[in-house]
Amino acid sequence: MRELKIGLIQMKVCDNKEQNLMKASQLVSKISIEKPDIVILPEMFSCPYASCNFPIYAEEEKGKSFNFLSNLAKTNNIYLVAGSIPEKEGNKIYNTSYVFNRQGEKIEKHRKMHLFDIDIKNKQKFKESDTLSAGNKVTVFDTEFGKIGLCICYDFRFPELSRLMVDKGAKAIIVPASFNLTTGPAHWHIMFKSRAIDNQVFTIGCSPSRDYNSSYISYGHSLIVSPFGEILEELNEEENLVTYTIDLNYVDKVREELPLLHHRRKDLYKSIEK
Ligand SMILES: O=C(O)CCC(=O)C(=O)O
């Protein structure tokens, strides 16, 4: 069976970790009434997105938040792509997305590989590397529906990473993310469409809702794009939930009819890269 129902939770993030976890739990229970297979939370859904917050909110794997999320997956009988939270290991902190199966077992985790260090003059500045370290693994997890790639926000700007996930068998790429009011309107939709078209995969972004009182204002617009580049579902900027069923067989159909991946000249690309 290749049809799977995706649930997107575009939640508002406050500065209280416990309240954020409680809200995530309520929203996951609410969306689970529609019997989704995979539910996705946004990037940093329990920690307001600011470098200074990451060390304060960070927890080790198997900590309180991890167990809470594992339980949420089990109770609701869903795969949970648990957005991301700051993960502490030794003296390092990572922006980490855990994936739990229907039994609440962790089946994968992705540590953001590309740190968001930008300075768009008078508009948007951010320096994740002030407090975060980068992961170094390409992440694809297996389900009964097929393989699914996972990366976090700024990671998705790097086409090489999506291609690596697709080469490992991904038929959809899930991206907990939080673009802002400068880069969101300019790049969000184009990026999700481009990665979908180039790789002939479903691309799925899940953002926090917009909060004008926050120091980093998220763009919102969580969405699902088809392997042919069509936006299938999209939220606006407000807190909201949505489910949408995708059929991974459609990936094979698009790849058969327009055999881009097959037509690659890998023999030449290597020598051009050098
Ligand atoms: O790439 C962008 O424009 C936003 C990236 C970001 O906010 C993030 O990586 O968390």
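For reference, positions follow the sequence shown, starting with 1. Read the numbers this way: they start at 1 and go in the same order the structure lists the ligands and their atoms.
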Ion pair Arg111/Glu87, N-O distance below 4.0 Å:
yes
Show the protein residues that qualify under the rule heavy atom under 4.0 Å from an atom of ligand 1, listing them in chain and number order.
Glu43, Tyr49, Lys112, Phe116, Cys153, Tyr154, Arg157, Ser178, Phe179, Thr183, Tyr216
Parallel, tilted or perpendicular, as decided by the 30° and 60° cut-offs, for the rings of Phe158 and His114
parallel
Compute the ring centroids of Phe179 and Phe116, then answer whether they are less than 6.0 Å apart.
no
Tell me whether the count of non-hydrogen atoms from other residues, nucleotides or ligands lying under 6.0 Å of NZ in Lys12 goes above 12.
no
Tell me, with the steps shown, if Asp247 and Lys253 meet salt bridge (Lys or Arg N to Asp or Glu O under 4.0 Å).
CA-CA 10 Å; Asp247 182 356; Lys253 182 173 188 290; over 6 Å; no
Phe54 ring center within less than 6.0 Å of Tyr49 ring center:
yes
